[in-house]
Number of protein chains: 2
Amino acid sequence: MADNPPYIAQRPKRADGARNYDAILAAARKAFEAEGSDASLEDIAARAGVAIGTLYRHFPTRAVLVEAATRDGLADLVARAESVAGDDDPLEALAAWMSRAVRHFSTFRGLVGILTQSMYDEGTPSHAACAAMHDSGARLLRAAQDAGRVRADITPDELFDLLSGAAWVRENALPGGRDRSERFLQLVLEGIVAHE
Amino acid sequence: MADNPPYIAQRPKRADGARNYDAILAAARKAFEAEGSDASLEDIAARAGVAIGTLYRHFPTRAVLVEAATRDGLADLVARAESVAGDDDPLEALAAWMSRAVRHFSTFRGLVGILTQSMYDEGTPSHAACAAMHDSGARLLRAAQDAGRVRADITPDELFDLLSGAAWVRENALPGGRDRSERFLQLVLEGIVAHE
DNA sequence: AGTTAACCTGAGGCGACCTCAGGTAGTCAA
DNA sequence: TTGACTACCTGAGGTCGCCTCAGGTTAACT
């Protein structure tokens, strides 16, 4: 028990270190978006103008790099949940947030998988952020349920399953095809709303 | 246009060839189930008691091997669709078939992804089988819609999105955790049924 | 200017992918 | 049964991505 917490990347204080950290992160985001979460780390290092060892110094693991690259987005998602929490219609609030979440979950190919793993596996760099996001979503769900707008028998985990499914569909869309995740979410929501 | 069709593996006629083909397929199925669709091909060859070159002779591509390993399952799915097509309740028939499909789609990690790609990308070894399965599902959907049991505005593609989402959830379940795809499917179906 | 430790570099070992030149052995016809 | 044909098999080796580590560099602070 009490495994020491997973390593989380932090921006170095020395000027050269910080510069490289930023460059790697920028290159990583671009590469992930273009090629998915399994993009070549050596490519990322090269594009950042840095030796491979430097990349590993700052981000000892691919998971650590992914966490750093998606940190802001997840935090934003949590913030947004709090901002819509006071809306008139809690169902609208939930739906809007879910749509946002799906979009973030499918920022690049492979992200949903990493996030769903992280959701349940402590010891993963993204776990803390995921847990926070889980709570955000759970609160919105609860509010919609308390208002009688969503079936009472839906659990947060089920909500995230549906959400992940939508994100997966989105991230696996053919390059040309349009986004079908909105429709997915719409259908899912209709299976979830309370029919008086 | 008229790209030549994708290569499909076929069992050789010579005795040694057929033996090795079978051994590789058996080893591949086991490996895929244990480690997902990206299991090491060299391991598979070794476990089949065959040199790596032999594996590539029969299955020039990972996709070809996956196709061969899942061929029977897909065919079975199509057959089953035809067998339930005459059932009393077309919604029941559809639901039962979807549940089966989800189970087959998540035979091993990575399969759903391959199948959804194959669904829309001709030039993929599994495309023909996927297209056949697509039609099977579409027919069941159509029957349920004609009977007024399912909303008329659902398209086959949407059906398969939902189905893939469920399969993805299932194949990404934590080793310990129980299967949540049944519940997923149940919720999805409730968003799809016609409300009188 | 000197010291220190944070930082950077890139060669190199490992495993997986895939190819190909050369060897082996089923099969069939005579 | 024998010979010839050719489908089939083998495994060394080139490529690439992962990751480590011994040794060199330099920012930052005194």
Those residues at least two apart in sequence (or on a different chain) that pass side chain to side chain contact (heavy atoms under 4.5 Å, CB included) with Asp22(B) are Arg11(B)
Where protein sits on nucleotides 23-30 of chain C, one letter per nucleotide: B base, S sugar-phosphate only, - none, heavy atoms under 4.0 Å
---SS---
Report the residues that fulfil salt bridge (Lys or Arg N to Asp or Glu O under 4.0 Å) with Arg71(B), sequence neighbours left out, ordered by chain and then residue number.
Glu67(B)
Sequence-distant partners of Ala147(A), side chain to side chain contact (heavy atoms under 4.5 Å, CB included), two or more places apart
Pro90(A), Arg149(A)
Restricting to side chain to side chain contact (heavy atoms under 4.5 Å, CB included), what partner residues turn up for Ser164(A), sequence neighbours left out?
Phe105(A), Val112(A), Thr116(A), Trp168(B)
First and last nucleotide of DNA chain D in contact with chain B, 5' to 3', at under 4.0 Å to a heavy atom: what are they?
dA7(D) to dA12(D)
Starting at CG of Asp161(A), measure out to CE of Met119(A) and round the result to the nearest 0.5 Å.
10.0 Å
Test salt bridge (Lys or Arg N to Asp or Glu O under 4.0 Å) applied to Glu190(A) - qualifying residues, sequence neighbours left out
Arg151(B)
Axis-to-axis angle for the helix from dA1(C)-dT30(D) to dA30(C)-dT1(D), ends of five pairs each, to 10°, equals 10°
Going by an N to O cut-off under 4.0 Å, is there a salt bridge joining Arg139(A) and Asp135(A)?
no
Donor-acceptor pairs are to be reported for all side-chain atoms of residues 27-43 of chain A against protein atoms at under 3.5 Å, with residues two or more places apart or in another chain.
| residue | atom | partner | partner atom | Å |
| --- | --- | --- | --- | --- |
| Arg29(A) | NH1 | Ala69(A) | O | 2.9 |
| Ser40(A) | OG | Glu42(A) | N | 3.3 |
| Ser40(A) | OG | Asp43(A) | N | 3.1 |

Less than 3.5 Å apart, which donor and acceptor atoms pair up between the side chains of residues 121-133 of chain A and the rest of the protein, not counting sequence neighbours?
| residue | atom | partner | partner atom | Å |
| --- | --- | --- | --- | --- |
| Asp121(A) | OD2 | Thr124(A) | OG1 | 3.4 |
| Thr124(A) | OG1 | Asp121(A) | O | 3.1 |
| His127(A) | ND1 | Ser118(A) | O | 2.7 |

Salt-bridged, Arg183(A) to Asp157(B), with N to O below 4.0 Å?
no
Have a look at Pro60(A) and say if it touches a base, only the backbone sugar-phosphate, or nothing, with a 4.0 Å heavy-atom cut-off.
nothing
With the sugar-phosphate defined as primed atoms, P, OP1 and OP2, and the base as all remaining atoms, what B/S/- string results for nucleotides 11-17 of chain C, 5' to 3', for protein heavy atoms under 4.0 Å?
B----BB
d(His58(B) NE2, Leu25(B) CG) to nearest 0.5 Å is 10.5 Å
Of all residues at least two apart in sequence or in a different chain, which pass the side chain to side chain contact (heavy atoms under 4.5 Å, CB included) check with Leu189(B)?
Ala95(B), Met98(B)
